[in-house]
Protein chains: 2
Amino acid sequence: MNVSTNIKIDEDMKYHKIPDETIRRMPMYLRALSLLEQDACQTISSRQLAQQLHLNPPQIRKDLSYFGAFGKRGIGYPVQSTVQQIRKILKLDGTQSAALIGAGRLGTAIAAYPGFSVFGFEVASIFDIAPKKIGKKIGAMTVEDAADLDTLKKRKIRLAILAVPAEAAQSCAEALVQAGVKGILNLSPSCLAVPRRVKVVTIDIAMALGVLPYYM
Amino acid sequence: MNVSTNIKIDEDMKYHKIPDETIRRMPMYLRALSLLEQDACQTISSRQLAQQLHLNPPQIRKDLSYFGAFGKRGIGYPVQSTVQQIRKILKLDGTQSAALIGAGRLGTAIAAYPGFSVFGFEVASIFDIAPKKIGKKIGAMTVEDAADLDTLKKRKIRLAILAVPAEAAQSCAEALVQAGVKGILNLSPSCLAVPRRVKVVTIDIAMALGVLPYYM
DNA sequence: CAATGTGAACAGCTTCACAGCC
DNA sequence: GGCTGTGAAGCTGTTCACATTG
């Protein structure tokens, strides 16, 4: 029953089952530590980091400890090397190219969003279905025809951001899967059906707003 | 110990403690049922709804049952009345006016976003700090000076959407709290410190993207 | 002494099984 | 037969206490 001393009791068992919630928090840590790195901060304790992020210190320690012992007792976590570790864990070392589908207002905002760079993301191409938008320049990029999504395979882009209306989302998702995309950030209020091997994260802005009045 | 037969044993105890996760899913149900209502669908079973939303039927039944017995055994849930019930539960009956802070690309996209209406939300005013943007028209609205945020109190707007850069988010949040705002949807990659009485929901798009490579 | 790393207790949420009803 | 409503079981994630280390 002791995972650390007896590996692989059950084929289905992950060697260390890391909670999804822990994974969800890792980018938070990465961003906070990256900022500290810029400020030339050498080390930070779980207590200080918890204060910044409004979490509990043991939570942070447990989360990080799933991946090994990054910290030094009595001192805290070394900022720079922990940043590198987390990047490796999240597979964010090196640039991650993503395709953006939808060149409407939201897509345009996403294309210009500066916040992706902390994680090494780069919007590498933009697609739309509307003839009016195809060929248009957005920043340094030219909007491509969504009918050519299959070119993503050649370009080895395996990440997509879906910023299209809900009605179009499912068919776009299918085209993306066909084009070899392995991860989709869905910004439309829709529930995508994709093969299990493809990971979808949906952000529904209106739904997030929808809970606020309840708590007020 | 039995809550249903013995109310108010402990002052601190909520009469029925409803899981936050249940609340988070309620807008999903509301949206799905609203669409069914438009399609003139009379009733739906938990199984059908679960299929649409990629959830388990018992989850949906349990969630809805926290608020009473909406369904009919052997039949399912009456669409129209359940929609009304959920609106009441989430305090979404009637129009909810929200202020939008930030008239940049993201703010502009949010201002035009059609998805809020299902929940009865309406962006009632837009603010920005940049002199260039103040006075500009966005749709039918004119961008106001963020220095005048305190007018929200008079207008009884208690909901805000924060679409400003991370560096400006905390000070904006404080101004909003000062102006009597009770709920904030924070779209910036920052961790807001607000009084406990104010509810904040943060959506960090880059962070959501940040987990995808791990799962790929 | 200060802080991490971690088994164990605890809390919260999900899933199940089935009684009750249409 | 079909479907809801719900206590109970099971699972996942969080918090705690403390041994351990610099």
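The figures here come from the full heavy-atom set of this structure, side chains too, leaving out hydrogens, waters and symmetry mates. Below, read A as the first sequence line, B as the second, and so on, with proteins coming before strands; counting in each chain starts at 1.
Of the candidate nucleotides C/dT6, C/dA17, D/dC3, C/dA17 has the atom lying nearest to any side-chain atom of B/Arg61. Of the candidates C/dT14, C/dA17, D/dC18, C/dT14 carries the atom nearest the B/Lys62 side chain, counting heavy atoms from C-beta on. When distances run from any side-chain atom of B/Ala69 to the nucleotides D/dC16, C/dT15, D/dG5, the shortest one goes to D/dG5.
Taking atom CZ of A/Arg24 as the reference point, atom P of D/dT12 lies 17 Å away to the nearest angstrom. For the pair B/Phe70 CZ and C/dC21 P, the computed distance is 19 Å after rounding to whole Å. Between B/Gln42 atom CD and C/dC22 atom P there is a gap of 19 Å when expressed in whole angstrom units. The distance between atom CG of A/Leu49 and atom C1' of C/dG5, rounded to the nearest whole Å, is 16 Å. Distance CG (B/Asp63) to C1' (C/dT15): 12 Å, rounded to an integer number of Å. Going from atom CG of B/Asn56 over to atom P of D/dT12 covers 13 Å, rounded to whole Å. Going from atom CD1 of A/Ile60 over to atom C1' of D/dC16 covers 16 Å, rounded to whole Å.
In the displayed structure, A/Gln42 atom CD is contacted under 6.0 Å by at most 12 heavy atoms of other residues, nucleotides or ligands. The number of heavy atoms from other shown groups lying within 6.0 Å of CD (A/Glu122) is above 12. Atom CD1 of A/Ile129 has 12 or fewer neighbouring heavy atoms from other residues, nucleotides or ligands inside a 6.0 Å radius. More than 12 heavy atoms of other residues, nucleotides or ligands shown are found within 6.0 angstrom of NZ on A/Lys91. Remark: B/Arg155 CZ is packed, more than 12 non-hydrogen atoms of other residues, nucleotides or ligands lying under 6.0 Å away.
Using a distance-only test at 3.5 Å, with no hydrogens or angles considered, a donor-acceptor pair links the side chain of A/Asn186 to the main chain of A/Ser190.
Within the model, atoms OH of A/Tyr77 and CD1 of A/Ile86 stand 10.0 Å from one another, a figure rounded to the nearest 0.5 Å.
Taking side-chain N and O atoms only, B/Ser46 has no distance below 4.0 Å to OP1 or OP2 of D/dC3. Residue B/Tyr77 places at least one side-chain N or O closer than 4.0 Å to OP1 or OP2 of D/dG5.
Comparing B/Pro58 and A/Arg47 along DNA chain C, the residue whose closest nucleotide (by nearest heavy atom) sits nearer the 5' end is A/Arg47.
Scored by the side chain to side chain donor-acceptor pair (under 3.5 Å) test, A/Arg25 finds A/Asp63 as partners (sequence neighbours excluded).
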Below 3.5 Å is the cut-off: list the nitrogen or oxygen pairs between protein and nucleotides 11-13 of chain C, distance only.
unit_1	atom_1	unit_2	atom_2	d
C/dC13	OP1	B/Asp20	N	3.4

Interface polar pairs with nucleotides 19-22 of chain D, N/O, under 3.5 angstrom:
unit_1	atom_1	unit_2	atom_2	d
D/dT20	O2	A/Arg73	NH1	2.6
D/dG22	O4'	A/Arg73	O	3.2

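Checking each of A/Ile157, A/Asp150, A/Ile184 against A/Leu176 for a side chain to side chain contact (heavy atoms under 4.5 Å, CB included) leaves exactly one that passes, namely A/Ile184.
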